[in-house]
There are 2 protein chains.
Amino acid sequence: MSDSSKSFQEAVRLTMCQVRHLSMHHLWRFAKEQGFSMAQMITLRHIYHQDPAKGCSISDISGWLGVTNAAVSQSLDKLVDQGLVERQENPHDRRSKQILLTPKGEEMLKKSMQAKQTWLEDLAAHLMPEEQTQIESAFRLLTEKITDMEKS
Amino acid sequence: MSDSSKSFQEAVRLTMCQVRHLSMHHLWRFAKEQGFSMAQMITLRHIYHQDPAKGCSISDISGWLGVTNAAVSQSLDKLVDQGLVERQENPHDRRSKQILLTPKGEEMLKKSMQAKQTWLEDLAAHLMPEEQTQIESAFRLLTEKITDMEKS
DNA sequence: CTAAGTAATTAAGCAGGCTTATATAATAAG
DNA sequence: CTTATTATATAAGCCTGCTTAATTACTTAG
């Protein structure tokens, strides 16, 4: 591996480490206040990151979390009761369910991310316009590449 | 707020959203495999982000997590048993304890972050050298600014 | 058509993380 | 010095998220 690549990785790692720590804390507190378990928060986010047309199955989620289907099914019951997700029949396989976020669920997730918004505004205030532009283009590039990676 | 600042924030938000989702998942799986609770992982990271000379108190941690001191004290018992953290007397206030990571604890935390390493190498492989340089400098700047923000 | 396999659900039971209540020791305030 | 407050620890008990086991419904393979 080249030295420049090492340097790149170190820079990314450092920022990620900070962001991860703050995000983790934020999500933990949000979940606690709203009465969700960590598993439910991760589930909601996982559904959110799926193709909204297809949703995802119970097995998808249990595989992602590393728990049993039973656990996911029970956990979803509560989210359904609260109107955050819905179970739909999979037309291609009637054993399977398509789990989808309801508008209410999507709104809730957005809200959970929005608290970050204030932080982001603070950050913006600490940066000169040129600095913002520089970081912005780096992040756009990164988003694109990460998306590519997840697909492959 | 200026349009350019909005655009900046949106770019950062998008990347963070991806990173958060993947990090969350990664940490969840790691904790599960290693037999730690989410609260313990967040605790360890919190200690890690403190001044290593001072450590932090039980109250610090319970405030950070939003749980009682009793919960933290019990949770730390297990981490102490495993040799990951140690309780030291605070010389300035003998009621209080300084909670510190042991070398073993630090190593464990590093390990929990290292799995990200592979991902980072994959990412680097998807990027041209110029792209890496661009992102790298943006991240160095960002780390600096976030550190400033946390201090203030 | 039958048998085996897969997806989800339900129920019972366990374990661990959290809370409250209580106790101890040290500090701060009067 | 006495009293109140703060920091932590311990014990008992609750709650909930998870597991296993059993069931239903559907799909696939032979």
Side-chain angles (χ1 to χ4, degrees), chain A residues 24-25 27-47 50 54-82 84-100, chain B residues 24-25 27-47 50 54-82 84-100:
Chain A
M24 199 60 57
H25 177 238
L27 189 66
W28 170 268
R29 295 301 291 262
F30 181 86
K32 211 162 164 28
E33 278 155 26
Q34 303 289 319
F36 296 111
S37 70
M38 218 54 179
Q40 284 174 325
M41 290 306 298
I42 296 175
T43 300
L44 288 168
R45 278 169 190 263
H46 183 62
I47 302 169
Q50 303 305 307
K54 292 189 197 161
C56 63
S57 69
I58 300 278
S59 312
D60 276 342
I61 298 173
S62 60
W64 180 255
L65 285 177
V67 298
T68 59
N69 284 356
V72 173
S73 186
Q74 290 164 357
S75 157
L76 282 179
D77 284 341
K78 291 168 199 164
L79 296 176
V80 170
D81 283 347
Q82 292 178 71
L84 300 173
V85 306
E86 54 184 356
R87 290 175 162 103
Q88 281 186 4
E89 216 176 49
N90 182 337
H92 301 99
D93 183 343
R94 285 170 51 212
R95 292 170 302 182
S96 177
K97 295 282 166 71
Q98 288 177 334
I99 309 297
L100 300 165
Chain B
M24 197 64 52
H25 176 238
L27 189 68
W28 170 268
R29 296 300 291 260
F30 181 86
K32 210 163 165 29
E33 278 153 27
Q34 304 290 320
F36 296 111
S37 70
M38 218 52 182
Q40 283 174 325
M41 291 305 301
I42 296 175
T43 299
L44 288 168
R45 277 167 189 263
H46 183 62
I47 301 169
Q50 303 306 305
K54 293 190 197 161
C56 64
S57 68
I58 301 277
S59 313
D60 275 344
I61 299 173
S62 59
W64 179 256
L65 285 177
V67 298
T68 59
N69 284 353
V72 173
S73 186
Q74 291 165 357
S75 158
L76 282 179
D77 285 342
K78 292 170 197 161
L79 296 176
V80 170
D81 284 348
Q82 293 177 71
L84 301 174
V85 306
E86 55 186 356
R87 291 175 163 105
Q88 282 186 2
E89 216 176 47
N90 182 337
H92 300 99
D93 183 343
R94 288 170 51 212
R95 291 169 303 181
S96 178
K97 296 283 166 70
Q98 288 178 333
I99 309 297
L100 300 166

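Chain identifiers are assigned alphabetically (A, B, ...) following the order of the sequence lines, protein sequences preceding nucleic acid strands; residue numbering begins at 1 within each chain.
- OP1 or OP2 of D:dT8 sits under 4.0 Å from a side-chain N or O of B:Ser59.
- A distance of 11.0 Å separates CG in B:Asn90 from CZ in B:Arg94, rounded to the nearest 0.5 Å.
- At whole-Å resolution of the value, CD1 in B:Ile61 and C1' in C:dC18 are 16 Å apart.
- The nearest whole Å value for the distance from the CD1 atom in A:Ile58 to the C1' atom in D:dT24 is 15 Å.
- Closest-nucleotide positions on DNA chain C for A:Asp60 and A:Trp28 were compared, and the one nearer the 5' end corresponds to A:Asp60.
- Checking D:dT19, D:dT8, C:dT9 against the side-chain heavy atoms of A:Lys97 singles out C:dT9 as nearest.
- Taking 4.0 angstrom as the limit, B:Ser96 places a side-chain polar atom (N or O) nearer than this to OP1 or OP2 of D:dT8.
- Side-chain proximity of A:Ala70 to D:dA11, D:dA21, C:dA8: nearest is D:dA21.
- Note that CE of A:Met38 is 10.5 Å distant from OG of B:Ser37, once rounded to the nearest 0.5 Å.
- The side chain of A:Arg87 contributes an N or O atom lying less than 4.0 Å from OP1 or OP2 of C:dT9.
- A:Thr68 comes within 4.0 angstrom of a nucleotide base, judged by non-hydrogen atoms across all strands.
- Listed pair B:Ser73 / D:dA9 meets the phosphate criterion, a side-chain N or O lying under 4.0 Å from OP1 or OP2.
- Of the two residues contacting DNA chain D, namely A:Gly35 and B:Leu76, the nearest-nucleotide position lying further toward the 5' end is that of B:Leu76.
- Atom C1' of nucleotide C:dA15 and atom NZ of B:Lys32 are separated by 12 Å, given to the nearest angstrom.
- With A:Val85 as the partner, the side chain to side chain contact (heavy atoms under 4.5 Å, CB included) test is satisfied by one option alone out of A:Leu100, A:Thr43, A:Leu44: A:Leu44.
- For the pair B:Ile42 CD1 and C:dC18 C1', the computed distance is 15 Å after rounding to whole Å.
- Between the CZ atom of A:Arg29 and the P atom of C:dC18 there is a distance of 13 Å, rounded to whole Å.
- Contacts of A:Ser75 with the nucleic acid, taken as non-hydrogen atoms under 4.0 Å apart, are absent.
- Rounding to whole angstrom units, CG of residue A:Asp77 and C1' of D:dT16 are separated by 14 Å.
- Note on B:Lys78: a side-chain N or O is less than 4.0 Å away from OP1 or OP2 of C:dG17.
- Among D:dA11, C:dA26, C:dG17, the nucleotide with an atom closest to any side-chain atom of B:Asp93 is C:dA26.
- If you check every strand for non-hydrogen atoms under 4.0 Å, A:Asn90 touches nothing.
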Exercise. Salt bridge (Lys or Arg N to Asp or Glu O under 4.0 Å) between B:Asp77 and B:Arg87: does it pass, once the steps are laid out?
Worked result: CA-CA 10 Å; B:Asp77 285 342; B:Arg87 291 175 163 105; 3.0 Å; yes
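- Between A:Ser37 and D:dT16, a side-chain N or O to OP1/OP2 separation shorter than 4.0 Å is absent.
- At a cut-off of 3.5 angstrom, the base of D:dT8 holds no donor-acceptor pair with the side chain of B:Arg95.
- Here the CG atom belonging to A:Asp60 is positioned 11.0 Å from the CG atom belonging to A:Leu65, to the nearest 0.5 angstrom.
- Taking atom CE of residue B:Met38 and atom C1' of nucleotide C:dC18, one finds them 17 Å apart after rounding to whole Å.
- The side chain of B:Gln74 lies closest to D:dT10 when the candidates are C:dT27, D:dT10, C:dG17.
- Look at CZ on A:Arg94: it is 16 Å from C1' on C:dT9, rounded to the nearest Å.
- A distance-only check finds a donor-acceptor pair linking the side chain of A:His25 to the backbone of B:Trp64 [under 3.5 Å].
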